[in-house]
Amino acid sequence: MDRCRKRPDSDGGASGEAEHPADKRPCTAEPSTSAAAVAGEGAGAEAVVAAAAGERACSDMDTSSSGHAGDGDGEEDGDGDGDGEGEGDDDGDGDGGSSCESDGDGSPRRCGGGGGRFQRMVAAVAAEGAEEGPLVAALTELCEALSFCGEDVGGYFPTEAAARALVRLGGGPRGAEGGVVASPDVMLLSVRAITYLCDTMPRASDAVVRHGLLPLLCSRLLAIEYLDVAEQCLQAFEKISRRQPTPCLRAGMIAAVLTFIDFFSASIQRVAVSAVANVCKKVPKDCSQFVMDSMPMLCNLLQYEDKMLCHQGVIEKVLPLINTGGLTSLSPSTCSNLIGLLAKLACNSLVAVKSLFELNAGSTISRILVTSDLSHGMPYLPLENQNNQVNEALKLANQLIPSAARDVEDTQMVHAKEKIIIDEPRFLCQFSMEILHVLIKAVNSGANSYICYGCASIVNNICYFSKPEMLQDLLKDANIPSFLAGLLSRKDHHVLFSSLKLIEILMQKLPDAYLGSFIKEGVVYAVEALLVQDDCSKSTDLSDETQQSENQPVIRNKPTCFCYAFDYPRSDAAETRICMIGKGNLFTFARHVKTSYFTAEAVNSEMGLTEILQKLKTCCAVLNDSADKSLNQDNLQNEEHLTNILSEVMMELHGGETMTTFEFLESGLVKSLSNYLSNGKFLQTEGNPNDYNTEHVLAVLKRFQSFAHISFSRMEQHWGDMLLTLLVRKLQNALTSLDNFPVIMSHNFKPRNTISDIPTRHSTITPCIRVRFKKDEDQINLSNYNNVVNVEISSSLHTIEEFLWPKICTDTSNQKAESSSNAVASEKKYSEDDLQKRDFTPESSPTREGDISGNQNLSVEPGSDKGPSSSGAVQQETSASDHTAQPKLLFSLKGKNLDQSITLYQSILQDQINAGSDIILDNQFWRIVHDVTYRTVNPKVDYSLKNSSCATTSANDSKAGFTWQALPFFSSLLLGKLPCKLDRSSPSYDILFMLKILEGLNRYSFHLVSDERNHTFVHGGITNLDDLKADVSLVPQQEFASAKLTDKLEQQLHDPLVLRSRCLPLWCTELMSACPFLFSFEARWKYFQLTAFGSLTPQHGNMMDTSGSGIIIERVPSFSRKKFKVDRDNILASAAKVMQSHAWGNALLEVEYKEEVGTGLGPTMEFYTLISHEFQKSGLGMWRGDIPCETGPDIAHGGSGFVVAPNGLFPKPWSIHVDCSSFSEVDKQFHLLGQVVAKAIKDSRILDIPFSKAFYKLILGQELNLYDIHSFDPELAMTLMEFKAVAARRKYLESSSSGDCKSTSDLSYRGCKIEDLAIVFALPGYPEYVLSPESSLKNVNADNLEQYVSFVVDATVRTGIARQLEAFKSGFNEVFPLSTLQVFSEDELERLLCGEQDTWDFTKLVDHIKFDHGYTSSSPPVINLLEIVQEFGCNQRRAFLQFITGSPRLPPGGLAALNPKLTVVRKHNSNEADDDLPSVMTCANYLKLPPYSSKDKMREKLLYAITEGQGSFHLS
């Protein structure tokens, strides 16, 4: 059998009018307008079908069906739902006309009275065992008879018998039951007879459907054996679908009809689309998926333009389909094709343009741009046949508002569209008001060059056609000068040219309104900078330029041109059109704009607007001149003057005149402020950290304290009024205006096998970079190695050195020793990785903040030497393989030495970024050979990263427990640089440095304000100890996050190559380690998931959705599950066994309780909840406040005693001098706690354990001090702060000239002498904890008060909890490295681990709860339930959540992030509903709620269920 073969007697190329042989005559299609008519009266889906039908109908061919010219007219009357229809024309098959059959002698006769004849023909067809010849003859006779009969034969035609026989014969070999194999002719004639029968007698459709015809027809279309049989099946479907649309839909007709539609002629294709239109008229709700799944195939039929579609209501149907949830309910490809259809129509039809304007298409386009994630758009021109919603929406907007500059072939249409806009100005006004602000916001959010050009083109077109009055009104709330300044900072010539055109339009229409603002916002400066760039490029030697370009990756094989990106070319020649921005045209036009509109006279007349810029520059010059002055007696007065200057500068932020971003940047304020605060170190490119003496630290400290005091001014007001907030916002605007962090996207990345040479020769599915290693010319002790090798992109320079050194080392003895040691180390490293089956960060993983701190950061890396190391972090890899020696080889690229701590791949990308190249990782990039030079390391030069923390550890050390140097951000201020490897010459570096200082200033504001109060008390500024209490107003962390950088990181994380390799550009990893606050919590969570576990999504998906943007996220293989049984009565012992066996593995843990049948997500979530509660029980010796109480913190805890910790749990101090057996148990418990916490984070489970903020700080590796005690024991903290202030006051008085006369009175503590307080040298609350073994230190007095405070602080937050903390870290690191959590703050870590307490209002509950199986959101029981839940108290709400989900807390993201979604269904019971109880399926978050008679009864039953129904899982 030949699949898809035309039979010899069938003409594959025949059109609808072609004459077929008598036995092959098809039941021809409806008129081409019928499908369009369906679109005019149907809804949603059939509009697309009609569009497809119209697109395929390139001519107005009209064919009749079986002689019934009126078939198409009757469709309006038929309901198409298969329910019985009326008589005559109401059947939906037309009026029928006068049907007759031939007598054989040429004279027609009526069919009436021919019942016996039909009985005979049907009997012949139904005869068992009939031979093929007589059977074909009988079928042919029946077809001829039916083709000339009217519906009046229905009274005596044996419909049931005929339907049964014809369906059996139409089934072919599988349908023939009498031992006779049906031939192709039999199948063809059987289906044709069915077609004629359903056409003549529509009610016969019910019979053939009953006898199973529909699956038979679908099978014939999905596996085409004979094309003419398939064509006849399509015609049969078209007839049957009129009366039985729903059964056809359920049988899968749409997919069957459309799968091979391209094999059929145009007339048959129209039949197919008409059939689909019939079933789409009234689609039942439960059948909508059949239509949605086939939408891409329908949209693919839209290949030709048909202006008649506009008149048939396509636009009127498609726009509402997109607006009413189409962007979320339709698939992305379907929605893109619908928008593309509108753009095609607007390109060729003026009727379409008018219709789109009248239907407010601008609102639709605006909604698409707002709901789409523009940062995930295409980085460059889309490939052929590649669409997305944003691309199609921008095309549609560019078609509605045409540009004046188009090809000659478009001139007539452009002029016609211009006339519409001019004649109907309301169209332009309404469209502009809807879309203009969205376009500006899209560009400002950091969209790529492609999107930017599309948005700028539309803004250009709007401004070009707008009259000055309307234009001024449209732009009054839009900061167009800032928008243009941002566009002019782009590198793409198309974007720059479009910006210059917009400047010209505005200067022509509104010169007086924009000249001054163009100067203030830096537009004039940007145009001048563009001309300077042109002058510099002309002076550059061409040969050097050529040589440089050869070493740079090429973005695409052809230059990227955006000129026609948003057009619909009419011919193939359009793809080869010449770019309208020729070489030099950009700079010529820029010079024209400068000389025409920004002349020296015009600019000078507006210079009054830049007085603030002049003032700022003057102040900055003063700060720069005195930045590195020492604090000797001569300069103290100068410091006061500088403080006044600083205050004056900061007050300018709150002045009456607005400071623009351009003025803020151009003044140099950020650089001057950074240099001043760092005592001149910021501008020093070279410097030894060990040279930073005490004098430098004191100078920085004094200036920082003054700056902090100024920044916190107006703290008593709202946080938005503080100067700190205003400065942060200015810095964020400045950072957004710069574009120094490009997104590097892979081009058509598909995993394919590649042979890698480094680190070892093996096959990999990620691409490799090709490298040629060259020996430095002056190296005589090394041999050449000129082979081109493939290097995995995750390979570090240390790995490359291990590969290269044995091959180039000329000292054989050294080579053997080194190679053997390297081999052992490498073997050890890889074997450990294989043994542990880790899936951690690859070698391209970012250098952690702790790793970088080895060079710059003074904070201590937590857990960096504990637990299994990350498989790729360079520093950890080095320590893991015992490489304590310096590198033996130094590598360089293009003459620049490469940093040993980053990968070669990152170095190559960074080199291209520094060179100003746009990079896309296409095939040509991977083919380029990169030359890397190697030489031996000079032993006199130290190229390693050494720890410089010794520089400042002793300076200004406070014995009372607070050191400024311990603050993470303060070390950056002392060193004058960020703890990262970003380019210090970049304009954004100054902003990042200042933002890090301000974020630290805000985060530690309580510490800083408290220390300032203490200092004021010591110097007599305040005398009342109650005034020491600090009340601070924090700036929300969201103010420090950059929306633009967050979008860029999101886009980079979604790149397929990154998802596969986890290799990110250097800026991603460095910014994440130095300034993680720049990114939103959601973006950092994705980064953490990718770098720690290798996927953007958690293992079981009960967290924030990361794939809602329409981007295809590559999923890692599903993780295995480990199921185990636990004992409810011994949870901790069960947990210890589980963690000992499975903590290190990747398998998801799944719990089943002994003697219970429930298993899955619900019991597992409750398992982690029960563990959380067990750790909080008193008597374990783990926590402060370990005092038994009669009732737990909530009803879920039961009646056991729990630790009382209103401010959160913090470890109980244990003396290092006491080593008892009880502490060994505590050590084990903290080790288990670390394992449980890490496993909960890895498996995305929620713990119900209230750690204090201070404990989260310890987990993140931060050092605690006196002021941190306030977060878990405020009373103790205030007492210690007062004692510290009194002791410092005494010391100050003794050193001053006041003498000792007042020292006694000043040292009284609230009117009582220190000695009279009878305080012993033991830890408060823990008398067994002796603070000092010295016999002289037994009672506290005035002389040792300061020492006592220091000992208490040390015992409380340092030595007393050090062993517990180490045990916790050790257990945690067995699951995954603790250092990966450092991208989060303590508040975010709590949210990640314990979820969040969501506020439930009525609207939120309705939006995020699904009501099904008998309930809707308006059902009375549902309304009662929502009201009851809103009235619940905190404990009742926790119990309600645990009853349904297994956990009393919601995941990060709240109720909206719950997965599966919380569902409420009606519970049916034979008994009275009021006697029944609610039941749940915790694995599905499924509440089965009886329809109680009243709200009170529902509350009673619900409270009983959530209180008494916990503690076991059984079948419900």
Side-chain angles (χ1 to χ4, degrees), residues 826-843 845 848 850 861-873 875-877 879-881 1062 1088-1095 1097-1100 1102-1103 1116-1126 1131-1152 1164-1165 1167-1168 1171-1172 1175 1227-1247 1259 1261 1364-1382 1389 1392-1393:
S826 178
E827 182 180 354
K828 177 181 177 183
K829 176 167 70 73
Y830 286 112
S831 63
E832 285 179 353
D833 287 347
D834 293 339
L835 178 63
Q836 295 172 349
K837 299 178 182 178
R838 287 286 187 261
D839 192 16
F840 294 152
T841 314
E843 290 185 345
S845 167
R848 307 293 176 208
E861 163 76 0
S864 58
D865 56 348
K866 296 290 181 182
S869 62
S870 171
S871 63
Q875 298 289 342
Q876 293 175 352
E877 176 190 303
S879 62
S881 46
R1062 287 177 277 168
F1088 163 73
Q1089 285 286 334
L1090 181 66
T1091 55
F1093 309 130
S1095 172
T1097 54
Q1099 295 186 12
H1100 87 98
N1102 193 23
M1103 297 281 279
V1116 294
S1118 58
F1119 290 90
S1120 61
R1121 298 176 181 270
K1122 294 285 186 181
K1123 184 182 294 187
F1124 56 91
K1125 287 192 175 184
V1126 300
I1131 287 292
L1132 283 183
S1134 299
K1137 291 180 181 179
V1138 171
M1139 294 301 162
Q1140 184 178 3
S1141 303
H1142 304 293
W1144 56 268
N1146 285 326
L1148 285 168
L1149 303 184
E1150 196 169 285
V1151 168
E1152 180 181 351
T1164 305
M1165 296 295 286
F1167 170 70
Y1168 282 94
I1171 294 177
S1172 304
F1175 277 120
D1227 189 87
K1228 292 178 182 178
Q1229 299 292 5
F1230 270 101
H1231 182 87
L1232 176 60
L1233 178 62
Q1235 292 176 316
V1236 170
V1237 169
K1239 193 63 178 174
I1241 293 175
K1242 186 173 184 178
D1243 288 0
S1244 301
R1245 311 303 187 194
I1246 302 300
L1247 294 182
I1259 294 176
Q1364 299 92 301
L1365 187 61
E1366 281 302 311
F1368 177 89
K1369 291 180 178 179
S1370 175
F1372 194 105
N1373 281 317
E1374 290 181 9
V1375 183
F1376 68 91
L1378 184 61
S1379 59
T1380 56
L1381 290 178
Q1382 290 190 348
L1389 184 55
L1392 189 71
L1393 181 63

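Residue numbers count from 1 along this sequence. Please read these numbers as outputs of a predicted model, since none were measured by experiment.
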Is any side-chain heavy atom of [X] less than 4.5 Å from a side-chain heavy atom of [Y]?
X       : Y       : result
Ile1241 : Phe1372 : yes
Gln1364 : Leu1233 : no
Thr1164 : Leu1148 : no
Val1138 : Lys1122 : no

Tell me, please, which residues at least two apart from Phe1368 pass ring-ring contact (aromatic ring centres under 6.0 Å, His included).
Phe1255
Under the ring-ring contact (aromatic ring centres under 6.0 Å, His included) test, residues paired with Phe1230 that sit two or more places apart
Trp1183
Asn1373 side chain vs Leu1378 backbone, donor-acceptor pair below 3.5 Å:
yes
Check whether any side-chain N or O of Ser1172 sits under 3.5 Å from a backbone N or O of Tyr1168 as a donor-acceptor pair, and report yes or no.
yes
Approximate separation, where rounding is to 0.5 Å, of [X] [atom1] and [Y] [atom2]:
X       : Y       : atom1 : atom2 : value
Met1165 : Asp1243 : CE    : CG    : 10.5 Å
Phe1376 : Thr1091 : CZ    : OG1   : 10.0 Å
Leu1393 : Ile1259 : CG    : CD1   : 7.5 Å

With sequence neighbours left out, what residues match Lys1228 under side-chain contact (heavy atoms from CB on, under 4.5 Å)?
Glu1225
Listed partners of Ala1136 passing side-chain contact (heavy atoms from CB on, under 4.5 Å), at least two apart
Leu1232
Does the side-chain contact (heavy atoms from CB on, under 4.5 Å) test come out yes or no for Asp1227 and Glu1366, once each step is laid out?
CA-CA 9 Å; Asp1227 189 87; Glu1366 281 302 311; over 6 Å; no
Which heavy-atom pair separates Ala1147 from Lys1239 by the least distance, and what is that distance?
O-NZ, 3.2 Å
Looking only at heavy atoms, the pair that brings Phe1175 and Gln1229 closest together is CE2-O, 3.6 Å
Output all residues satisfying salt bridge (Lys or Arg N to Asp or Glu O under 4.0 Å) with Lys1137, sequence neighbours left out; order by chain, then residue number.
none
Quick one: list whatever passes side-chain hydrogen bond (donor to acceptor under 3.5 Å, both in side chains) with Gln1235, sequence neighbours left out.
Glu1374
Leu1149/Met1139 under side-chain contact (heavy atoms from CB on, under 4.5 Å): CA gap, chis, key distance, verdict
CA-CA 10 Å; Leu1149 303 184; Met1139 294 301 162; 4.1 Å; yes
